[in-house]
S.K.: 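Below are the structure tokens for one structure; questions will follow.
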Amino acid sequence: MKKNKASPKLPVADKTKNYSFFEDVWDVVRQVPKGRVTTYGAIARYLGAKSSARMVGWAMNASFAVSPKVPAQRVVNRNGMLSGKAHFATPTLMEDLLKEDGIEVKEDKILNFEAFFWDPANEIG
DNA sequence: AGTATGACTCATT
DNA sequence: AAATGAGCCATAC
């Protein structure tokens, strides 16, 4: 891989753009209880940007650089698949963290995903 | 500045 | 049912 960027520029710090969406995403993810999971689409929909699930993914990508820490492992795609595991520090970190939360993972997929699904629109608002 | 890409999802074929 | 197109919009090059 190419040399690391000096610092992952935080979109939040930019003045010309309104990045409150990112902050809202992190805030929602931080509220996901241990042992539960949610999806990109659910977060996007809760924030009123139902079609911007991709931006939620970008928010997760930036979430590693923010504090307090965001439990990004609790965010998966709508199939319960660990689509973002490749972006963690190690290929197994996401899965390991989920298992620590008490969630069973088999072949990059959450078992009985619907039972653990946590919808912010349903739980927060 | 224009094109390509993506931690997504839904509609259409 | 599986494949494809389209919408979304911030980053990367």
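Below, chains carry the letters A, B, ... as their sequence lines are ordered, and counting in each starts from 1.
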S.K.: So, the side chain of A/W26 versus the backbone of A/V66: is there a donor-acceptor pair under 3.5 Å, distance only?
M.R.: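 No, because the side chain of A/W26 does not come within donor-acceptor range (under 3.5 Å) of the backbone of A/V66.
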S.K.: Is there a donor-acceptor contact under 3.5 Å from the side chain of A/N79 to the main chain of A/M81?
M.R.: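 Not confirmed, A/N79 side chain does not pair with A/M81 backbone.
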S.K.: Can you measure A/H87 atom NE2 to B/dT5 atom C1' for me and round it to whole angstrom units?
M.R.: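 After rounding, the reported distance stands at 11 Å.
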S.K.: Whole angstroms only, please: what is the CZ-C1' distance between A/F64 and C/dT11?
M.R.: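 So the CZ-C1' distance, A/F64 to C/dT11, works out to 17 Å.
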S.K.: Looking at every strand, decide which applies to A/N77 at a 4.0 Å heavy-atom threshold: base, sugar-phosphate, or nothing.
M.R.: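 Sugar-phosphate only.
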S.K.: Atom CD1 of A/I43 to atom C1' of B/dA7: distance rounded to whole Å?
M.R.: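 The distance from CD1 of A/I43 to C1' of B/dA7 comes to 11 Å, rounded to the nearest Å.
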S.K.: What is the separation between atom NZ on A/K85 and atom P on B/dA7, rounded to the nearest whole Å?
M.R.: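 In whole Å, B/dA7 P lies 14 Å from A/K85 NZ.
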S.K.: From the options C/dT11, C/dC8, B/dT9, select the nucleotide whose nearest atom is closest to the side chain of A/F22.
M.R.: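 That would be C/dT11.
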S.K.: For B/dC10 and A/R78 - does any side-chain N or O of the residue sit under 4.0 Å from the phosphate oxygens OP1/OP2?
M.R.: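 So the side-chain polar atoms of A/R78 do come within 4.0 Å of the phosphate oxygens OP1 or OP2 of B/dC10, strictly under.
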S.K.: Testing A/T38, A/T39, A/D101 for side-chain contact (heavy atoms from CB on, under 4.5 Å) with A/R74, which one passes?
M.R.: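 Exactly one candidate clears the test, A/D101.
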S.K.: Whether A/S83 contacts B/dC8 is assessed here as follows: a side-chain N or O lying under 4.0 Å from the phosphate OP1 or OP2. Is that the case?
M.R.: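 So the side chain of A/S83 is within the cut-off, an N or O lying under 4.0 Å from OP1 or OP2 of B/dC8.
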S.K.: C/dT11 P sits how many Å from A/N61 CG, rounded?
M.R.: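 That distance rounds to 10 Å.
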S.K.: Is a side-chain N or O of A/R78 found less than 3.5 angstrom from the main chain of A/G41, in a donor-acceptor match?
M.R.: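 No, the answer is negative, given that no donor and acceptor are paired below the 3.5 Å cut-off.
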S.K.: Report the distance from atom CH2 of A/W58 to atom P of C/dC9, rounded to the nearest whole Å.
M.R.: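 To the nearest whole Å, that distance equals 15 Å.
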S.K.: When the P atoms of B/dA4 and C/dG5 are compared, how many Å lie between them, rounded to an integer?
M.R.: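 Looking at atom P only, C/dG5 and B/dA4 are 15 Å apart.
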S.K.: Expressed as a whole number of angstroms, how long is the span from A/R54:CZ to C/dT11:P?
M.R.: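 Taking CZ of A/R54 and P of C/dT11, I get 15 Å after rounding.
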S.K.: Round to a whole Å and report the spacing from CG of A/N79 to P of C/dA2.
M.R.: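 So the CG-P distance, A/N79 to C/dA2, works out to 12 Å.
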S.K.: Report yes or no: does A/T90 contribute a side-chain atom to a donor-acceptor pair with the main-chain N or O of A/L93 at less than 3.5 Å?
M.R.: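 Yes, the answer is positive, given that a donor and an acceptor are paired below the 3.5 Å cut-off.
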S.K.: Assign A/A72 to base, sugar-phosphate, or nothing according to its heavy-atom contacts below 4.0 angstrom with the strands shown.
M.R.: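 Base: the residue A/A72, judged by heavy atoms under 4.0 Å, touches a nucleobase.
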